[in-house]
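First the structure, in the form of structure tokens, and then the observations on it.
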Amino acid sequence: MREKELRLALVLYGGVSLAVYMFGVCREIAKLVRASKQFYEVPAADRATARLPREDSDNRETDTEAVYFDLLKTLAGHTELRVIVDVIAGASAGGINGVFLARSLAHDLPLAPLRDLWLKNADITELIEKEALAGPLSKRFMTPLVSRMLRYDPVLANDEEARSKFDRFVRSRWFRPPFSGKRFTGWMFDAADAMGQGAQGGSLMPEDHALDLFVSITDYNGHPRRVPLDDPPYAVELDHQFDLGFRYRRRASGLVESEFDARSVPGLVFAARATSSFPGAFPPATIEEVETVLRERGGEWPDLDAFIHDKLAAVTRDGRDPMTIPFVDGAVVTNKPFAAAVSALSGRPANREVVRRIIFVDPNPDIEFADTEELPGFFRAIFASMTEIPRNEPIHHELERVAALNQQISVVAEVVDSARPRIGTLVQSILEQDQDPAPSARVFAAWRDTANRAAAVEAGFAFESYLHLKILTVARRVRTIVEAISAKDLVGLGGTIARPLLIEPRDESGQVSAEAIAFLRAFDADFRVRRLRFVIRHLNEFYYSERPEALADPVERTKLDVIKAAFYELLDGIKARLAAPPNGPDAAAAAGTLADPATTAEQRLVAIDALGAALDLAGVDDRLDEVFAGEVLNCLPEWARTELTVAYVGFPFFDVLTLPMTQWEDLDELDIIRVFRISPSDAQAIRKGLAKEKLKGIRLRRFAAFFNRSWRENDYLWGRLVAAERLVTVVMTAAGAAAREIDALSVKKALFREILRAETPHLTADDTLVSELIEEVEQIEVGGFGG
């Protein structure tokens with residue numbers, strides 16, 4: 001049976017009061033991921049008859065999970081599709097929702113308790129400082145002007161609650177931000193507390209998967225950055241864009257590294273507060289404000305210094321006080337944070353075939369063109385220049401980057417596939433030099449050395465660029481290690497291709513120099529990582545192979561799991577070595593030698609040997625040879641054993657071909673990236689039309705939901721409905737042939753019914769909202785779907 005991972009990278013746009021709608025979308029995404037996790041926790045033999053497990057926690061509201069569970073069960077008859085969110089990038093309304101969605105995914109925490117917080121607190125009378133809120137007689141001269149303003153929007157003018165609150169808002173404090181930053185910060189802590197701590201070790205992330213969150217914020221004053229020039233040597237510019245990054249990782253060994261646990265909450269609250277600090281409405285966010293609110297609540301921030309050091313180094317290195325640096329809404333500079341999401345896609349381990357999707361959540365994608373080209377007025381031009389235009393930067397640059405990446409992936413995959421027969425023949429000739437049916441680890445090591453030399457010969461002139469590129473990439477990695485140990489700047493390291501770290505690629509006879517060989521053996525961690533991932537990709541193909549030899553002599557899944565666990569343990573070992581460079585006097589002395597351009601080649605060789613021995617990447621090679629001599633030879637049938645051995649021993653041939661093509665891109669997944677959008681305009685199953693026909697918060701420049709609870713309830717509910725419809729489309733297209741017999745509209749209708757049933761008791765401000773949507777849903781004509 002075929003296995004796939006549907007990996008979702010989410011890009012969450014800004015949207016002011018449409019944050020309530022975005023919360024509904026995020027909640028539905030979490031439900032799909034949780035249903036997937038629950039389905040694949042069921043033993044494989046029992047999945048065909050499995051039902052969604054009952055929940056024990058009062059905070060859990062199980063509704064659409066059961067429909068997603070049954071959909072995945074139906075698909076599993078042909079393809080087991082596991083749904084994972086591993087990248088989230090958000091700005092403003094998307095940033096604040098991204099923070100809590102990431103917490104939910106990382107530690108399997110419920111989002112249901114946040115619904116009431118959003119619906120209650122996202123109100124203009126709650127957001128405004130109490131002392132700033134207008135009284136009955138404040139600025140009464142503004143009331144007639146408000147009435148004239150509302151004539152242009154009959155919906156606002158005819159809604160008593162919205163009209164009254166808008167009037168009060170206009171008459172409230174001027175010339176200072178009316179919204180309370182400290183109160184908003186307190187709500188973020190309330191939301192984190194409401195989610196709870198979760199079960200020990202609970203997570204929706206699979207083993208050896210990372211979840212990355214990027215939250216866009218804007219450095220109000222800007223931090224100086226040097227741009228290298230020819231003359232003068234550099235120019236200085238102010239950079240206001242800033243991304244806060246947070247990560248969760250469950251390693252194959254069971255070790256959990258999390259920046260979403262209870263200890264990390266203050267930093268996450270700061271990110272949520274800063275990214276949504278709309279200029280003029282909220283005062284700028286500061287670390288000092290978050291710490292003050294936390295202290296007033298009786299809490300403390302034990303990792304404050306580490307947070308500043310790790311997350312804010314770029315804005316504090318020039319001597320500014322990190323506690324008082326002002327940050328404003330991330331959407332001011334980056335309202336559509338595609339770049340952070342796309343950059344995070346590379347280098348992620350693949351447990352099985354990967355289907356990669358980027359999903360961007362745009363609450364209002366509809367463009368309204370001006371009827372005329374008349375010049376804008378004074379205030380209109382200023383307002384548009386300061387807020388509207390910056391928040392509508394195009395995304396075509398990032399989508400073009402994705403398209404270019406897809407093209408590169410296609411080319412690399414085609415080259416690899418076309419080279420396999422020739423490389424297979426070359427490797428077989430190497431293996432036939434030793435006829436031992438049970439080769440030892442030492443034999444595997446000898447085969448690897450032979451393949452390395454043969455790859456250099458076969459590549460011809462192409463090997464020259466490969467060798468220089470390898471030395472350069474490794475030198476850049478070594479630079480960070482040596483500088484960390486020696487506290488020195490390696491002048492010129494990585495500055496040229498020919499002589500990075502003064503390593504000579506060739507000796508006087510034209511052969512690869514002993515110094516270069518020693519250097520790469522000691523420090524080329526990237527080669528080991530690429531080789532392991534390449535072997536794992538081949539191993540993953542065995543899980544669902546339908547080739548004649550695989551059907552005649554199938555591989556035992558449990559044995560594949562054992563081998564793969566050993567491979568991932570080695571990957572973890574490499575990453576651990578790089579994360580914690582060797583220390584001690586010997587390592588420091590060796591680093592100092594490498595950092596000194598005056599040292600001789602002989603001295604560098606001694607230093608390379610010493611530092612390489614401390615790093616012990618050679619130990620990874622030895623252990624991998626042992627895995628092949630043991631687990632691979634003993635656990636796999638002959639056809640699979642041979643194919644995996646060819647991939648392992650022959651990897652230098654593949655690497656010579658592909659590394660110069662990919663260069664700095666880590667194209668480990670080698671899978672085409674598809675881009676989908678979630679927006680009200682794309683969801684047409686219930687109601688045709690654009691976003692403005694479904695969402696209330698779009699009015700008043702996307703501020704309208706702050707003025708009416710029923711409008712917030714409407715937008716939240718539509719968030720769930722829209723997300724459910726679009727997620728079914730994403731899942732069905734990822735499943736491919738497995739989805740052909742399923743009526744997608746039936747699945748969507750089942751989800752709509754569950755959402756409306758579950759939300760009815762909680763959405764009471766407008767007694768017609770749910771009932772009217774139920775009527776529309778029941779009019780949808782479908783086939784059938786069942787679990």
Side-chain angles (χ1 to χ4, degrees), residues 11-16 19 88-99 176-177 179 181 184-185 212-229 234-246 267-290 307-344 360 381-398 401 701-702:
V11 180
L12 309 177
Y13 287 13
V16 198
I88 303 173
S92 193
I96 189 172
N97 278 295
V99 166
R176 286 174 56 196
F179 292 175
F184 192 68
T185 298
D212 285 296
L213 167 70
F214 302 95
V215 181
S216 296
I217 62 177
T218 301
D219 180 1
Y220 177 79
N221 292 315
H223 47 282
R225 296 189 64 174
R226 290 187 175 186
V227 181
L229 305 175
Y234 61 85
V236 178
E237 65 176 7
L238 287 178
D239 188 359
H240 296 270
Q241 181 177 343
F242 199 80
D243 286 327
L244 290 174
F246 302 87
L268 294 169
V269 166
F270 169 73
R273 164 72 174 91
T275 193
S276 54
S277 183
F278 193 90
F282 284 102
T286 64
I287 293 286
E288 184 177 55
E289 177 193 272
V290 174
F307 180 85
I308 292 173
H309 179 269
D310 295 340
K311 310 297 184 189
L312 300 179
V315 296
T316 61
R317 63 167 58 104
D318 297 299
R320 291 192 290 167
D321 182 0
M323 300 297 293
T324 58
I325 292 175
F327 294 93
V328 297
D329 196 316
V332 171
V333 177
T334 310
N335 190 43
K336 303 170 182 178
F338 264 90
V342 174
S343 298
F360 66 99
I382 293 176
F383 184 81
S385 300
M386 294 178 62
T387 60
E388 292 180 354
I389 294 176
R391 288 170 180 266
N392 285 281
E393 79 277 10
I395 62 172
H396 67 85
H397 297 297
E398 296 306 328
R401 180 184 172 192
R701 307 290 179 187
R702 303 187 182 185

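Computed from a predicted structure; not experimentally measured.
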Can you tell me how far CG of L268 sits from CD1 of I96, rounded to the nearest 0.5 angstrom?
11.5 Å
Smallest separation among heavy atoms of L238 and P224, with atom names
CD2-N, 3.9 Å
Hey, could you give me the CD1/CZ distance between I88 and F246, rounded to the nearest 0.5 Å?
12.0 Å
Here the gap from I325 atom CD1 to E288 atom CD, rounded to the nearest 0.5 Å, amounts to 12.0 Å
Using every non-hydrogen atom in the two residues, find where I217 and A274 come nearest and quote the distance to one decimal.
CG2-CB, 3.6 Å
Applying salt bridge (charged side-chain N to carboxylate O under 4.0 Å, His left out), which residue pairs with at least one partner in residues 274-287 are found, sequence neighbours left out?
none
Please round to the nearest 0.5 Å and tell me the distance separating atom CG of D219 and atom CZ of R320.
4.5 Å
Closest non-hydrogen atom pair between P177 and P283, with its separation:
CB-N, 3.6 Å
Where P322 and I308 come nearest, the two heavy atoms and their spacing:
CB-CG2, 3.6 Å
side-chain hydrogen bond (donor to acceptor under 3.5 Å, both in side chains) between S277 and D329, intermediate numbers included:
CA-CA 4 Å; S277 183; D329 196 316; over 6 Å; no
Tell me every residue that passes ring-ring contact (aromatic ring centres under 6.0 Å, His included) with F242, counting only those two or more places apart in sequence or in another chain.
H223
Quick one: pull up CG in D243 and CG in L213 and give me the separation to the nearest 0.5 Å.
10.0 Å
Is the backbone of A271 close enough, under 3.5 Å, to the side chain of T275 for a donor and an acceptor to pair up by distance?
no
Please report whether the ring centroid of F282 lies less than 6.0 Å from that of F184.
yes
Out of curiosity, F270 CZ to L244 CG, how far, rounded to the nearest 0.5 Å?
6.0 Å
I'd like to check the side-chain contact (heavy atoms from CB on, under 4.5 Å) partners of A89; sequence neighbours left out, ordered by chain and number.
F214, P337, A340, A341
